Structure formats: structure tokens, C-alpha cells
Amino acid sequence: QVQLAESGGGLVQPGGSLRLSCAASGSIFAVNTMGWYRQAPGNQREMVATIGNVTAANYADSVKGRFTISRDGAKNTIDLQMNSLKPEDTGVYYCKAFVRSGTFPFPLGVYWGQGTQVTVSP
């Protein structure tokens, strides 16, 4: 089994910064693409940023230039540095990972973290 553990959410004023972290653990053979998604009340879950093993990071247009995703392949972790936060960035942020795990042939599965709340408010 694979678990994703997120941390770093909280309350911040507009213009402030937060850093989210996500760590994958368990019976992991390999971790492929990892990313952050968010869901605001009444809205669908949307992609914020993703990063692959060898591919460049991909960002939603709404966060380009403000958010930076980074990855430590050896530790199976990703971080999301969020700067110049806006009230519309408020939501629950979820970590997602495509992971090959278990025993041969190490089937590919999609895993989600439990989510961490980010609130941007004066």
C-alpha cells in the first residue's frame, strides 16, 4: 500500500506565502508524476501544478509566476512554494501521485493525500 502525507497548509493574508509538502511512503517501486490539486467550496477539483521524473513542471495559468513545484526523487517528496497568495487560492490542496508499488509487475496506481486547507484572507 502507498500513502501520501501532506503538510504546510494554514491561514495567510493576501500577498503572503505558504509552502506545502507531500511525502509518498509504503511499498514503492517507482514514483512517476506527482502534483498538487485544489478544490474550493462548490467547485471541481483542479490541477495546480505537476512534475514528472524527467519532464518539466506544468502549472495552471492562474498560478504561473507565483507558485513553484519542486521534487526530491530520492525521497519521493514534492513541495509547492506559494507566493503572492490571493483569496481565490483558498481551498483544500491535495497531493496526487502515480506510483508503481507492491510486487512484480509493480502495477501502476493513482494515489491521493487527505488534503490540507489553505485559506487566504485579510
Side-chain angles (χ1 to χ4, degrees):
Q1 192 56 276
V2 174
Q3 299 82 37
L4 299 181
E6 301 136 330
S7 61
L11 172 65
V12 65
Q13 293 185 341
S17 298
L18 281 175
R19 188 176 184 89
L20 306 182
S21 296
C22 173
S25 64
S27 181
I28 294 172
F29 175 74
V31 181
N32 295 349
T33 299
M34 299 183 74
W36 289 97
Y37 292 70
R38 68 186 179 191
Q39 187 167 18
N43 290 358
Q44 290 187 332
R45 193 171 297 187
E46 62 177 0
M47 186 275 290
V48 176
T50 62
I51 186 167
N53 278 322
V54 294
T55 56
N58 182 45
Y59 297 94
D61 288 343
S62 59
V63 307
K64 283 181 180 177
R66 300 188 297 122
F67 291 11
T68 302
I69 189 170
S70 59
R71 178 169 181 164
D72 185 330
K75 297 180 180 179
N76 292 325
T77 61
I78 56 171
D79 290 337
L80 185 69
Q81 178 65 42
M82 305 185 293
N83 299 327
S84 302
L85 282 160
K86 305 175 180 179
E88 51 263 43
D89 294 318
T90 295
V92 179
Y93 283 67
Y94 296 90
C95 178
K96 177 183 179 181
F98 292 84
V99 181
R100 292 195 175 276
S101 65
T103 57
F104 184 85
F106 309 110
L108 183 67
V110 181
Y111 297 89
W112 291 89
Q114 80 284 357
T116 184
Q117 178 70 43
V118 171
T119 303
V120 185
S121 179

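From a predicted model like this one, the values you see are computed outputs, not experimental measurements.
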- Message: Once salt bridge (Lys or Arg N to Asp or Glu O under 4.0 Å) is applied, what residue pairs with a partner in residues 11-28 remain, sequence neighbours excluded?
- Response: Arg19-Asp79
- Message: With a 4.5 Å cut-off on side-chain heavy-atom distances among I, L, V, M, F, W and Y, is there a chain of contacts connecting Ile28 to Ile78?
- Response: yes
- Can you check whether Cys22's main-chain N or O pairs, donor with acceptor, with Glu6's side chain at less than 3.5 Å? no
- Message: Applying ring-ring contact (aromatic ring centres under 6.0 Å, His included) as the test, list every pair that has at least one member in residues 19-54; sequence neighbours left out.
- Response: Phe29-Phe106, Tyr37-Trp112
- Item | Where Pro14 and Pro122 come nearest, the two heavy atoms and their spacing | CD-N, 3.6 Å
- Query: Any idea which heavy atoms bring Ser17 and Ser84 closest together, and the distance?
  - Reply: OG-N, 4.4 Å
- Give a yes or no answer on whether the side chain of Thr90 reaches the backbone of Val120 with a donor-acceptor pair at less than 3.5 Å. yes
- Return yes when atom CD of Gln44 has more than 12 non-hydrogen atoms of other residues, nucleotides or ligands closer than 6.0 Å, and no otherwise. no
- Spell out, as yes or no, whether a donor-acceptor pair under 3.5 Å connects the side chain of Asn32 to the backbone of Ala97. no
- Query: Stepwise, does the side chain to side chain contact (heavy atoms under 4.5 Å, CB included) test hold for Leu20 with Val118?
  - Reply: CA-CA 9 Å; Leu20 306 182; Val118 171; 4.1 Å; yes
- Hits for side-chain contact (heavy atoms from CB on, under 4.5 Å) against Thr103, two or more places apart or cross-chain, chain-then-number order -> none
- Item | Listed partners of Ala57 passing side-chain contact (heavy atoms from CB on, under 4.5 Å), at least two apart | Tyr59, Ile69
- Message: Check for me, please, whether Leu108 and Val99 land in the same ILVMFWY cluster - side-chain distances under 4.5 Å, paths through other members count.
- Response: no
- Task: With the side chain counted from C-beta on, respond yes when Phe67 and Asn83 share a heavy-atom pair under 4.5 Å apart, and no when they do not.
- Result: no
- Might you point out which heavy atoms bring Ser27 and Ser101 nearest each other, and give the distance in Å? O-CB, 2.8 Å
- Heavy-atom pair of closest approach, residues Met47 and Asn58: CE-ND2, 3.4 Å
- Query: Going through the distances and angles, do Val92 and Thr116 end up as a side chain to side chain contact (heavy atoms under 4.5 Å, CB included)?
  - Reply: CA-CA 5 Å; Val92 179; Thr116 184; over 6 Å; no
- Pairing of Asp89 and Lys86 as salt bridge, 4.0 angstrom limit: no
- Message: Test of understanding: with side-chain contact (heavy atoms from CB on, under 4.5 Å), list the residues that count as partners of Ala5, not counting sequence neighbours.
- Response: none
- Message: Test of understanding: clusters of I, L, V, M, F, W, Y form through side-chain heavy atoms closer than 4.5 Å, transitively. Do Val12 and Val63 belong to the same one?
- Response: yes
- Selection residues 91-100 - residue pairs positive for side-chain hydrogen bond (donor to acceptor under 3.5 Å, both in side chains), sequence neighbours left out: Arg38-Tyr93
- Item | Distance in Å, Phe98 CZ paired with Thr33 OG1, rounded so as to fall on 0.5 Å steps | 6.5 Å
- Query: Between Glu46 and Asn43, is any pair of side-chain heavy atoms under 4.5 Å apart?
  - Reply: no
- Query: Any side-chain donor-acceptor pair under 3.5 Å between Asp72 and Thr77?
  - Reply: no
- Message: Side chains of Gln117 and Thr119: any donor to acceptor distance under 3.5 Å?
- Response: yes
- Item | Nearest-0.5 Å distance that lies between atom OG1 in Thr68 and atom CE in Met82 | 11.0 Å
- Task: Might you point out which heavy atoms bring Gly8 and Leu18 nearest each other, and give the distance in Å?
- Result: O-CD2, 3.9 Å
